[in-house]
Asker: 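Attaching a single structure in structure tokens format; questions to follow.
Note that this is a predicted model, so its numbers are computed, not measured. Values below: all heavy atoms of this structure, side chains included; hydrogens, waters and symmetry mates excluded.
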Amino acid sequence: MKPVTEKTMNQQQLFQQIQKKRSFLCVGLDTDILKIPKHLLDTSDPVFSFNKEIIDATAEFTIAYKPNLAFYESLGWQGWQSLEKTVHYVRENHPEIFLIADAKRGDIGNTSNLYARAFFEKLDFDAVTVAPYMGEDSVKPFMTYPEKWVILLALTSNKGAADFQYLKNEETGDQLFELVLKTSQNWGTTENMMYVVGATKAEKLKEIRQIVPDHFLLVPGVGAQGGSLQEVAQNGMNSQCGLLVNSSRGIIYASTGIDFAKNAGETARAVQQEMEVLLKEKKLI
């Protein structure tokens with residue numbers, strides 16, 4: 001199956017979609033074969049069947065979808081096939097939606113080249129999450145694709161983030177996540193680089209905005225992980241909103257019964273309505 005090639009949105013076009021849908025919601029398609037409704041297991045492709053219904057129920061409230069690759073890779077070639085069909089379905093039916101491969105890749109240059117080829121050519125994602133630990137030459141290959149985006153891990157929401165991300169450089173006073181933000185701005189621009197900042201670190205968003213005032217931020221951790229949408233908006237919004245706030249389990253598993261898609265849609269609508277209020281407060285719509 002060949003991808004349906006669409007021109008990836010630039011920063012202004014993303015903001016226009018946010019204004020149009022009155023939302024900055026990203027839905028994480030973390031589709032676990034062990035958690036989807038049992039009646040779907042009788043279909044030829046249970047993961048895609050689940051994704052398709054979730055997409056149809058939530059697309060009007062959603063700016064982006066973010067499949068986490070681990071949920072698909074764990075199923076072998078069948079999982080990759082489900083992922084490819086999911087991307088193709090969004091491209092054909094909801095071409096205005098931004099597609100993020102949550103892959104967290106990052107390796108030496110020639111390997112990163114192949115990762116980029118996989119996600120940007122074979123699967124036609126708009127963006128891919130990338131780990132910056134190996135430095136510039138591990139990130140640059142993803143930026144050789146015009147109009148595609150790199151989403152660099154900056155400050156994550158997991159407990160183990162404290163192991164390294166807050167380590168301080170005694171000479172400059174920068175914490176490691178701050179050094180990532182400052183150094184990486186020499187690698188890309190506001191038109192091809194975003195940053196991952198966990199919603200459970202919302203108090204750090206003001207500091208982060210001082211370093212990267214104009215970049216889009218992908219913010220996971222709202223919903224099941226307990227992050228506050230209001231705090232994220234208060235500390236992280238800029239003049240173009242500048243946020244894609246992700247919710248995965250809180251939306252896609254709102255129900256595990258036959259009515260799962262209806263419940264997912266209602267939950268996504270409720271989040272969108274909350275986001276609309278926040279956008280109005282900031283006078284962005």
Side-chain angles (χ1 to χ4, degrees), residues 1-11 13-18 20-33 36 40 43-73 75 78-103 115-129 142 145 147-151 194 216 218 220 244-254 260-265 267-269 271-272 275:
M1 181 185 297
K2 293 183 178 180
V4 179
T5 302
E6 294 286 346
K7 184 177 179 181
T8 296
M9 284 181 282
N10 60 32
Q11 190 180 51
Q13 290 167 326
L14 267 175
F15 182 42
Q16 288 169 354
Q17 283 298 314
I18 288 169
K20 180 179 179 180
K21 291 190 174 182
R22 298 171 176 261
S23 170
F24 45 99
L25 175 62
C26 173
V27 173
L29 296 175
D30 298 358
T31 306
D32 188 343
I33 192 72
I36 65 176
L40 294 178
T43 64
S44 60
D45 189 338
V47 168
F48 174 66
S49 296
F50 179 85
N51 286 353
K52 179 179 178 296
E53 292 201 44
I54 292 291
I55 290 164
D56 287 344
T58 62
E60 65 181 296
F61 314 115
T62 302
I63 300 301
Y65 288 115
K66 181 179 72 63
N68 185 312
L69 270 291
F71 291 88
Y72 301 87
E73 292 173 330
L75 300 174
Q78 295 99 328
W80 276 96
Q81 189 174 63
S82 300
L83 179 64
E84 187 172 12
K85 287 161 68 175
T86 298
V87 171
H88 191 81
Y89 185 78
V90 173
R91 288 293 189 223
E92 284 198 320
N93 295 278
H94 306 285
E96 81 286 357
I97 290 182
F98 194 74
L99 281 172
I100 301 167
D102 191 3
Y115 282 139
R117 186 187 304 172
F119 296 118
F120 292 152
E121 292 185 32
K122 178 63 176 176
L123 289 170
D124 195 28
F125 278 97
D126 296 309
V128 60
T129 56
F142 295 96
Y145 286 81
E147 301 170 351
K148 298 293 187 179
W149 292 78
V150 166
I151 307 180
M194 304 183 189
F216 260 87
L218 173 63
L244 294 174
V245 172
N246 182 80
S247 179
S248 301
R249 288 169 288 170
I251 289 177
I252 68 174
Y253 299 129
F260 75 96
K262 177 176 179 288
N263 278 268
T267 305
R269 182 195 295 273
V271 175
Q272 178 271 322
M275 288 177 168

Asker: Report yes if some heavy atom in the side chain of F142 is under 4.5 Å from a heavy atom in the side chain of V128; otherwise report no.
Answerer: yes
Asker: Does some side-chain heavy atom of L14 sit less than 4.5 Å from a side-chain heavy atom of Q17?
Answerer: no
Asker: Where do D102 and D30 land on the side-chain contact (heavy atoms from CB on, under 4.5 Å) test, with the steps shown first?
Answerer: CA-CA 10 Å; D102 191 3; D30 298 358; 5.6 Å; no
Asker: Show the nearest heavy-atom pair for residues L29 and Y72, with the distance to one decimal.
Answerer: O-OH, 2.9 Å
Asker: Can you name the closest pair of heavy atoms from W149 and F120 and give their distance?
Answerer: O-CZ, 3.6 Å
Asker: Determine whether F125 and P67 make a side-chain contact, defined as any pair of heavy atoms from C-beta on separated by less than 4.5 Å.
Answerer: yes
Asker: Any side-chain heavy atom of P46 sitting closer than 4.5 Å to one from I33?
Answerer: yes
Asker: What distance separates L40 CG from D45 CG, expressed to the nearest 0.5 Å?
Answerer: 10.5 Å
Asker: Quick check against the 3.5 Å criterion: does Q272 have a side-chain atom that pairs as donor or acceptor with the backbone of R22?
Answerer: yes
Asker: Can you measure from CD (E73) to CG (N68) and round to the nearest 0.5 angstrom?
Answerer: 8.5 Å
Asker: What distance separates I18 CD1 from L244 CG, expressed to the nearest 0.5 Å?
Answerer: 5.5 Å
Asker: Please determine if K66 and D126 form a salt bridge, counting it only when a charged side-chain N lies under 4.0 Å from a carboxylate O.
Answerer: no
Asker: If you compare all heavy atoms of A103 against all heavy atoms of F119, which two are closest, and at what distance to 0.1 Å?
Answerer: CB-CZ, 3.6 Å
Asker: Are V47 and Q78 packed together at the side-chain level, in the sense that at least one heavy-atom pair is separated by less than 4.5 angstrom?
Answerer: no
Asker: Step by step, work out the side-chain contact (heavy atoms from CB on, under 4.5 Å) result for I100 and M194.
Answerer: CA-CA 11 Å; I100 301 167; M194 304 183 189; 5.8 Å; no
Asker: Check the pair L123, E84 against side-chain contact (heavy atoms from CB on, under 4.5 Å), reporting the backbone distance first and the verdict last.
Answerer: CA-CA 6 Å; L123 289 170; E84 187 172 12; 3.8 Å; yes
Asker: Could you tell me which non-hydrogen atom of D32 sits nearest to which non-hydrogen atom of Y253, and how far apart they are?
Answerer: N-OH, 2.8 Å
Asker: Taking T62's backbone N and O only, do any of them form a donor-acceptor pair with K21's side chain (distance below 3.5 Å, no angle check)?
Answerer: yes
Asker: Should F61 and M275 count as side-chain neighbours, where that means a heavy-atom distance under 4.5 Å?
Answerer: no
Asker: Can you name the closest pair of heavy atoms from P220 and L218 and give their distance?
Answerer: CD-O, 3.3 Å
Asker: Nearest 0.5 Å, what's the OG1-CG distance between T86 and L99?
Answerer: 9.5 Å
Asker: So, are E96 and K20 salt-bridged, with charged N and O less than 4.0 Å apart?
Answerer: no
Asker: For K85 and S49, indicate whether the former's side chain and the latter's backbone hold a donor-acceptor pair under 3.5 Å.
Answerer: no
Asker: Nearest 0.5 Å, what's the CE-CD1 distance between M9 and I97?
Answerer: 8.5 Å
Asker: Which atoms form the tightest heavy-atom contact between F216 and Q11, and what is the distance?
Answerer: CE1-CG, 3.6 Å
Asker: Output, in order, the C-alpha distance, side-chain angles, deciding distance and verdict of side-chain contact (heavy atoms from CB on, under 4.5 Å) for N51 and Y89.
Answerer: CA-CA 9 Å; N51 286 353; Y89 185 78; over 6 Å; no
Asker: So, does Y65 use its side chain to make a donor-acceptor pair with the main chain of A59 at under 3.5 Å?
Answerer: yes
Asker: Any side-chain heavy-atom pair from I54 and F260 closer than 4.5 angstrom?
Answerer: yes
Asker: Decide yes or no for L75 and Q81: does some side-chain heavy atom of the first lie under 4.5 Å from some side-chain heavy atom of the second?
Answerer: no
Asker: For the backbone of G28 and the side chain of N246, can you confirm whether one donor and one acceptor N or O come within less than 3.5 Å of each other?
Answerer: yes
